[in-house]
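Beneath this line is the structure, given in structure tokens, with notes to follow.
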Number of protein chains: 2
Amino acid sequence: MRQAILDAAIELLARNRGASLSEIAARAGVGRASLHRHFPLRSDLVAAVVRQCMDETEAATAAATRDAGSARETLWRMLEAVIPLGDRYHFLAGVVSNEAELRARHEAEMEWLARLIDDLKSEGVLAANVPRTWAAAHIDAQIWIAWTEVAAGHLAPAHAADLAFRTLLEGLGRR
Amino acid sequence: MRQAILDAAIELLARNRGASLSEIAARAGVGRASLHRHFPLRSDLVAAVVRQCMDETEAATAAATRDAGSARETLWRMLEAVIPLGDRYHFLAGVVSNEAELRARHEAEMEWLARLIDDLKSEGVLAANVPRTWAAAHIDAQIWIAWTEVAAGHLAPAHAADLAFRTLLEGLGRR
DNA sequence: TCCGAGTGATACACTTATGTCTCATTCGAG
DNA sequence: CTCGAATGAGACATAAGTGTATCACTCGGA
């Protein structure tokens, strides 16, 4: 029940941040009243969605970090793990929560990414003169584009992370 | 008057597609009634904004094409011309107009981009095995990221097109 | 079987955005 | 200066979303 609502909310809110509670309840197959029983205010639902998205992406990045040796390998595993969560990820990027806990977790994720970028530079994987924000924005974009292309059927899921990884490092030019 | 409203609308709608007419009128420094005189319905205003954005981006891409020799040069000029229009461009990407004329113009722009990508492959600038939709999505993303970084003050406007161009072709890896 | 928690449907009040209308004011052309 | 068009302010009706409350129903456990 609660999970069905959260799933429907992610699906609709990722596409349209202004999706109405009626739409979400209908998609979840529950009455709007029941939705309000689990999430009294709209903001409660949004916060719960953000929290779940963070849980999932943090679990994915944690797994990618855990037993990876190099930063290069970490990046690859992170892309592989996070691209299938593209809608979650995109939703997070667009929502700025006003709850302190969620803000803090988001900050932590951003710092993790910044550290990864620094490590990639140290390893000589990323060019040293690439600005950190530029690199971060492109990693974000790769995840979103890869997920979109998979969802549109233009790209086989198995190749998505590989293509994103290579494009990120080598670009689209003829090598 | 009319132009002030359009400018305010682009500014606010690019950031928030659901911006209210009151906000837009206030930002333009006009009464809401006057806004309705020029654009009876919200959809009229949105269509006018889309039309102006298309005028500007088409003018930019047309100028980039006009006296450019190679497709490589066309791409470079297009990036240089369109990145400063980042907010316009981003707005267009998010709005799907239901007016036939605007849809047709958008289609034409997409086809122009597809042709450019094919030409870039013919010239050996883009790798031949890069899917067309993948390349198009990345060109879009480069424009948006570059504009965002410039707007955030992380990147000098003069370097934006150059950095975007090089990242697109060569990626972020150490070459 | 009976009871109670959970659910769906529905009604209600409230808020916000939209579109229409009126009226007094202003500003520029003649 | 005078007239008229355009403007700003505001009232009004309507629609949609949100949050609350109520009521009847269902289903599972005691």
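Bear in mind that the values here come from a model prediction, so they are computed numbers and not experimental data. Letters go in sequence order (proteins before strands), and every chain restarts at 1.
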Interatomic distance, CD@B:Gln52 vs CZ@B:Arg2, rounded to 0.5 Å, equals 9.0 Å
Under a 4.0 Å heavy-atom cut-off, which of residues 33-49 of chain A touch DNA chain C? A:Ala33, A:Ser34, A:Arg37, A:His38
Going 5' to 3' along DNA chain D, which nucleotides are the first and last within contact of chain B (any atom under 4.0 Å from a heavy atom)? D:dT7 to D:dG10
For A:Asp44, salt bridge (charged side-chain N to carboxylate O under 4.0 Å, His left out) partners two or more places apart: none
Considering only Ile, Leu, Val, Met, Phe, Trp and Tyr, and joining two whenever side-chain heavy atoms are under 4.5 Å apart, list the other residues clustered with A:Ile24. A:Met1, A:Ile5, A:Leu6, A:Ile10, A:Leu12, A:Leu13, A:Leu21, A:Val30, A:Leu35, A:Phe39, A:Leu45, A:Val46, A:Val49, A:Val50, A:Met54, A:Phe91, A:Leu92, A:Val95, A:Leu102
Which pairs pass salt bridge (Lys or Arg N to Asp or Glu O under 4.0 Å) with one or both residues in residues 139-160 of chain A, sequence neighbours excluded? none
Could you work out, with ring pair (Phe, Tyr, Trp, His ring centres under 6.0 Å) as the rule, every residue matching B:Trp144, not counting sequence neighbours? B:His90, B:Trp147
Determine, stepwise, if the pair B:Arg77 / B:Thr74 fulfils side chain to side chain donor-acceptor pair (under 3.5 Å). CA-CA 5 Å; B:Arg77 292 197 187 184; B:Thr74 302; over 6 Å; no
Ion pair A:Asp55/A:Arg105, N-O distance below 4.0 Å: yes
All salt bridge (charged side-chain N to carboxylate O under 4.0 Å, His left out) counterparts of A:Arg51, not counting sequence neighbours: A:Glu99, A:Glu101
The complete set of salt bridge (Lys or Arg N to Asp or Glu O under 4.0 Å) pairs with one or both residues in residues 9-21 of chain A, sequence neighbours excluded, reads A:Glu11-A:Arg27
Cut-off 3.5 Å, no hydrogens considered: what does the side-chain donor-acceptor table look like for residues 111-128 of chain B, sequence neighbours left out?
from, atom 1, to, atom 2, distance (Å)
B:Trp112, NE1, B:Thr65, OG1, 3.4
B:Asp118, OD1, B:Arg132, NE, 3.2
B:Asp118, OD2, B:Arg132, NH2, 3.1
B:Lys121, NZ, B:Val130, O, 2.6
B:Ser122, OG, B:Asp118, O, 3.1
B:Glu123, OE1, B:Ala71, N, 3.4
B:Glu123, OE1, B:Arg72, N, 3.2
B:Glu123, OE2, B:Ala71, N, 2.4

Return the residues of residues 6-27 of chain B meeting this criterion: a heavy atom under 4.0 Å from some atom of DNA chain D. Order them by number, or give none. none
Separation between OG1 of A:Thr61 and CG of A:Leu79, rounded to the nearest 0.5 Å: 12.0 Å
Let me know the distance between CZ of A:Arg32 and C1' of C:dG8, rounded to the nearest Å. 12 Å
To the nearest 10°, give me the bend of the helix from C:dT1-D:dA30 to C:dG30-D:dC1, comparing the axes of its five terminal pairs at either end. 10°
Can you sort out the partners of A:Glu170 under salt bridge (charged side-chain N to carboxylate O under 4.0 Å, His left out), two or more places apart, ordered by chain and number? none
